[in-house]
Q: 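Below are the structure tokens for one structure; questions will follow.
We number each residue from 1, following the sequence as shown.
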Amino acid sequence: MSRAFDDLGPYGGPRVSDAGPWPTEPESISPSVRSTPMPIAAIATALAADDAEERRQAAARLGRADVAEALPLLLRALGDPDWRVRKEATYACHRLIQASSPPAVEGDRPAASPGVAEGERPSAAQVLVGALLDALRTSDDVGLRNAAIEVLGYCGRDATPALVGALAELKGDERKLVVDALGRTRDPAALDALYAALAEKDDNLRQSAIEAIAGMGLIARERVTDILYERLSDRDRFVRLTALNGLNGLEAPVPWRVLSQLIDDPILRPAALVAAALAESPEAPRALVAALATARGGAFAQLVRALARLVEGPLASHAVDALRAAPQEVGARLVQAAAASPGAGAAEPPSWRGLGADPVSGRAQALVLAAMARAPGAADAAVQAMIEPALVETAQRALGLLGGEALPAVLAYLERHIDPDPDLWEGLDDATAALIDGAVAIAEQRGREGELPQPAQPDADPTLDDLLGAVRRSVKSPSTLVATSALYGLAKIGTADDFPLVVSQTRAISLPVARAAESALAGLSERYPESARALARRLMQAGETHLAAAIVIEALGTADQEEIAFLTSVASVGDVRARRAAVTAIAAAAGVSALDVLSLSLADEEREVRLAAARALGRLYASLSDRAGDERTRARELLSLVRASGEPELVAAAAQGGAPFRSDPPWGEAGDRLSAPASIDGGEGPMSTSGMSGGPPSGKVL
């Protein structure tokens, strides 16, 4: 299980050398001021000045002084009326502690106070611990006390023995301050004293102790977890809340029998709902779903977040079952929450207001839950969410979860937005294109599952028939995005009747639309080969459809002599796009007999045709075995010409097709240099040509 708070922050260990960096110091004081020594008398004079900034500058210089000599001034600065001076004094203490702290040694622990061997000079931490504890005993200055706690905490385990002793000695509010300091040390050895403080009668002391214990969860996880579990039944509500929050921070699951007693308490509910998302009992999702029916405001948002987390974990199936078995009003409230406009402050119930709820993420989570519940109106909410960029991915997921149930809502939207008038779809073409993609994916999935007839019989199902009609009308949309999505959709769910429409779009003015039509034509040809073969014969008769004929033949993968003659002719005299398609097609359909055509096309005046020829040649060479001696030699000779051409793009295209320029010895060092722009595997085996094989129905275009 992932841990959400593995970074220990500035308190990364139990002693100074392990504690991590001190909090960032203000930039208003330059490093030179902090690092330049200054006579102690001058610092004392500056600390007595009326100007707070002058006093702050003086406090910064204390970090370079001798700790014993500077101690009275440090205490004065730590109790200064201005908080900025006090903060600068804590930074100075930090620098003194770090400068005198020895490296951490495994198992090393300072002796109890005073903890200094005879003749040994005490460290800065030891000097400060004694002085600051005396200040806690004698001073009523709140600022000094708070600053003292901060410094004592950063002393780490060097301060623990003295703090434990002071806890047993002091009385009243001073004991709470000592508990705070023990928690700040991040020393596991302090846990015994902190646990003992939980048995005290003083609620303030007990509350500080449980906070300190929870803060040590990452450095003593097992012991802290046991203590926090124990305190879930504490008499003090604040102690229970802190313990529950601590367990949530450690992502430690709480048994549902315990959580069920906490979740009805308004104070404990937020933390209990977070814990419910980590629960391992099937009862948790059922209880959370039941609570959705009446929750208001922030409580509703918390429930949604908790359930959204459950559906991503091991209890996902139980959460989905609970959502689908819930009363209709639960689904209706989820749909209402998902459809609420950001910032509109949806009327109660429900609402995303309160407790830091993020309306966008909350709406996204509610939409997914509504789709899982198959709530009435969930499809309409998902379609509407598709228009909002921040919710597009969530809306697509919701539509996928709803499956065929979402098709009527999608079709209703398409009927309203597929129109020749650009004003009706302006600004919505992204959403319309995405909805076409989603509806096609749903239809494909249902076809694979046998819920719908295969696309060859669309009339047998009105929904698929309506979808095909909408997709066909979208092909001629003035939006390039919508038209290309529709063409790719026809490649997947279209029928043989769509050949004429797709062929007409291969001559579209918009190049993206034309390329999408090429891919769609290839996809349909692979799905309906008999109709495609007859279509190719008809397309070969007119010059304007030579491009389409070449695409169909390439997709079919075989060609008779008449078709090969046709491709040979088009490769030399057709328009640029037709020549490019003919070159690719003849290499795919005619094999080694295409080498003569490829040889001529490598010298074509158009870059697009040359690149297609080089790519086809590389692919053809990679497909030849060592037994194809003469053909392989001929292909190698042509590839040598490509290498010698000095055109890096041409070499890269051949390598992309499968020519092993890097490892095949005849290519030499020049070939290595020329083929550097492309990532080419070694050896002579076929290389990955993802997206390069002719006419995939996936919509990828050469």
Q: Which atom pair, heavy atoms only, marks the closest approach of Ala433 to Ser485?
A: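 Closest approach of Ala433 to Ser485, heavy atoms only: CB-OG, 3.3 Å.
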Q: For a quick test of reading the model, state the closest non-hydrogen atom pair linking Leu310 to Ala276 and the distance between them.
A: CD2-O, 3.6 Å
Q: Please check this pair: side chain of Ser474 against backbone of Ser477, looking for a donor-acceptor N/O pair closer than 3.5 Å.
A: no
Q: Just checking, any donor-acceptor pair under 3.5 angstrom between side chains of Tyr528 and Thr495?
A: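 Distance-only check fails for Tyr528 and Thr495.
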Q: Calculate, to the nearest 0.5 Å, the distance between atoms CE and CD belonging to Met386 and Glu393 respectively.
A: 10.5 Å
Q: Should Glu251 and Arg221 count as an ion pair when the cut-off is N to O under 4.0 Å?
A: no
Q: Kindly say whether Ala271 contributes a backbone atom to a donor-acceptor pair with the side chain of Asn248 at under 3.5 angstrom?
A: yes
Q: Which heavy atom of Leu191 sits nearest a heavy atom of Ala220, and at what distance?
A: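 Between these two residues, the closest heavy atoms are CD1-CB, 3.7 Å.
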Q: Within a strict 4.5 Å, meaning less than it, do heavy atoms of the Leu198 and Ile213 side chains meet?
A: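 Leu198 reaches Ile213 side chain to side chain.
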Q: Assess whether side chain to side chain contact (heavy atoms under 4.5 Å, CB included) is satisfied between Gln505 and Arg515, documenting all intermediate values.
A: CA-CA 9 Å; Gln505 292 302 102; Arg515 288 295 177 88; over 6 Å; no
Q: Okay, side chain of Thr484, backbone of Leu481: is any donor-acceptor separation there less than 3.5 Å?
A: yes
Q: Charged N to carboxylate O under 4.0 angstrom, Arg527 versus Glu444?
A: no
Q: Quick check for you: to the nearest 0.5 Å, what is the distance between Glu283 atom CD and Ser260 atom OG?
A: 7.5 Å
Q: Before giving the answer on salt bridge (charged side-chain N to carboxylate O under 4.0 Å, His left out), spell out for Arg473 and Glu415 the whole-Å C-alpha distance, their side-chain angles and the decisive distance to 0.1 Å.
A: CA-CA 10 Å; Arg473 292 194 299 277; Glu415 289 294 335; 2.5 Å; yes
Q: Flag the pair Arg363 / Glu388 as yes when at least one side-chain heavy-atom distance between them is below 4.5 Å, and no otherwise.
A: yes
Q: Please check if the number of heavy atoms outside Arg257 that lie under 6.0 Å from its CZ is greater than 12.
A: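 No, the 6.0 Å shell around CZ holds no more than 12 heavy atoms from other groups.
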Q: Is any side-chain heavy atom of Gln384 closer than 4.5 Å to a side-chain heavy atom of Tyr413?
A: no
Q: Is atom CD of Gln396 surrounded by more than 12 heavy atoms (other residues, nucleotides or ligands) closer than 6.0 Å?
A: yes
Q: Between Val410 and Ile442, is the side chain to side chain contact (heavy atoms under 4.5 Å, CB included) condition met? List the steps.
A: CA-CA 11 Å; Val410 174; Ile442 290 171; 5.7 Å; no
Q: Side-chain contact, heavy-atom cut-off 4.5 Å: Leu334 with Leu323?
A: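 They are in contact (side-chain heavy atoms under 4.5 Å apart), so the answer is yes.
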Q: Rounded to the nearest 0.5 Å, how far does CG of Leu490 lie from CZ of Phe499?
A: 11.0 Å
Q: For Val440 and Tyr488, run side chain to side chain contact (heavy atoms under 4.5 Å, CB included): C-alpha distance rounded to whole Å, both residues' side-chain angles, the deciding distance at 0.1 Å, then the answer.
A: CA-CA 9 Å; Val440 168; Tyr488 292 141; over 6 Å; no
Q: Only distances under 3.5 Å count here; give the side-chain donor-acceptor pairs of residues 400-407 to other protein atoms, sequence neighbours excluded, each with its distance to 0.1 Å.
A:
residue	atom	partner	partner atom	Å
Glu405	OE2	Arg374	NH1	3.2

Q: Any sub-3.5 Å donor-acceptor pair from Arg286's side-chain atoms to Ala322's backbone N or O?
A: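 Not a single qualifying donor-acceptor pair exists.
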Q: Can you measure from CD1 (Ile551) to CD (Glu518) and round to the nearest 0.5 angstrom?
A: 4.0 Å
Q: Just by distance, do the side chain of Arg324 and the backbone of Met372 share a donor-acceptor pair under 3.5 Å?
A: yes
Q: Of all heavy-atom pairs between Thr506 and Leu521, which one has the smallest distance, and what is that distance?
A: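 For Thr506 and Leu521, the tightest heavy-atom pair comes out as CG2-CD2, 4.4 Å.
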Q: Kindly give the heavy-atom pair with the smallest separation between Ala491 and Ala520, and that separation in Å.
A: CB-CA, 3.7 Å
Q: What is the distance from atom CG of Leu511 to atom CD1 of Ile509, rounded to the nearest 0.5 Å?
A: 12.0 Å
Q: Can you tell me if Gln328 has over 12 outside heavy atoms packed within less than 6.0 Å of its CD?
A: no
Q: Is there a side-chain contact between Gln207 and Glu211 (heavy atoms, below 4.5 Å)?
A: no
Q: Are there more than 12 heavy atoms of other residues, nucleotides or ligands under 6.0 Å from atom CZ of Phe238?
A: yes
Q: Using every non-hydrogen atom in the two residues, find where Leu367 and Ala398 come nearest and quote the distance to one decimal.
A: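 Smallest heavy-atom distance, with atoms named: CG-CB, 3.9 Å.
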Q: May I have the step-by-step check of salt bridge (charged side-chain N to carboxylate O under 4.0 Å, His left out) for Glu230 and Arg240, ending in yes or no?
A: CA-CA 9 Å; Glu230 175 189 308; Arg240 297 199 300 273; over 6 Å; no
Q: Could you check whether Asp226 pairs with Arg223 (Lys NZ or Arg NE/NH1/NH2 to Asp/Glu carboxylate O, under 4.0 Å)?
A: no
Q: If you define the side chain from C-beta out and look only at heavy atoms, does anything of Leu292 sit under 4.5 Å from Leu307?
A: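 A side-chain contact exists here, since the closest heavy-atom pair is under 4.5 Å.
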Q: Would you mind reporting whether Leu288 and Ile263 have side-chain heavy atoms less than 4.5 Å apart?
A: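 Of all side-chain heavy-atom pairs linking Leu288 with Ile263, at least one is under 4.5 Å.
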Q: For Asp236 and Ile210, run side chain to side chain contact (heavy atoms under 4.5 Å, CB included): C-alpha distance rounded to whole Å, both residues' side-chain angles, the deciding distance at 0.1 Å, then the answer.
A: CA-CA 11 Å; Asp236 189 317; Ile210 195 65; over 6 Å; no
Q: Under a 4.0 Å threshold between the charged nitrogen and the carboxylate oxygen, would Arg235 count as salt-bridged to Asp203?
A: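 A salt bridge links Asp203 with Arg235.
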Q: Less than 4.5 Å apart, any side-chain heavy atom of Val224 and any of Leu218?
A: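 Val224 does not reach Leu218 side chain to side chain.
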Q: Can you tell me how far apart OG1 (Thr185) and CE (Met216) are? Round to the nearest 0.5 Å.
A: 4.5 Å
Q: What residue among Leu315, Leu278, Val304 forms side chain to side chain contact (heavy atoms under 4.5 Å, CB included) with Arg309?
A: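 So the option named by the test is Leu278.
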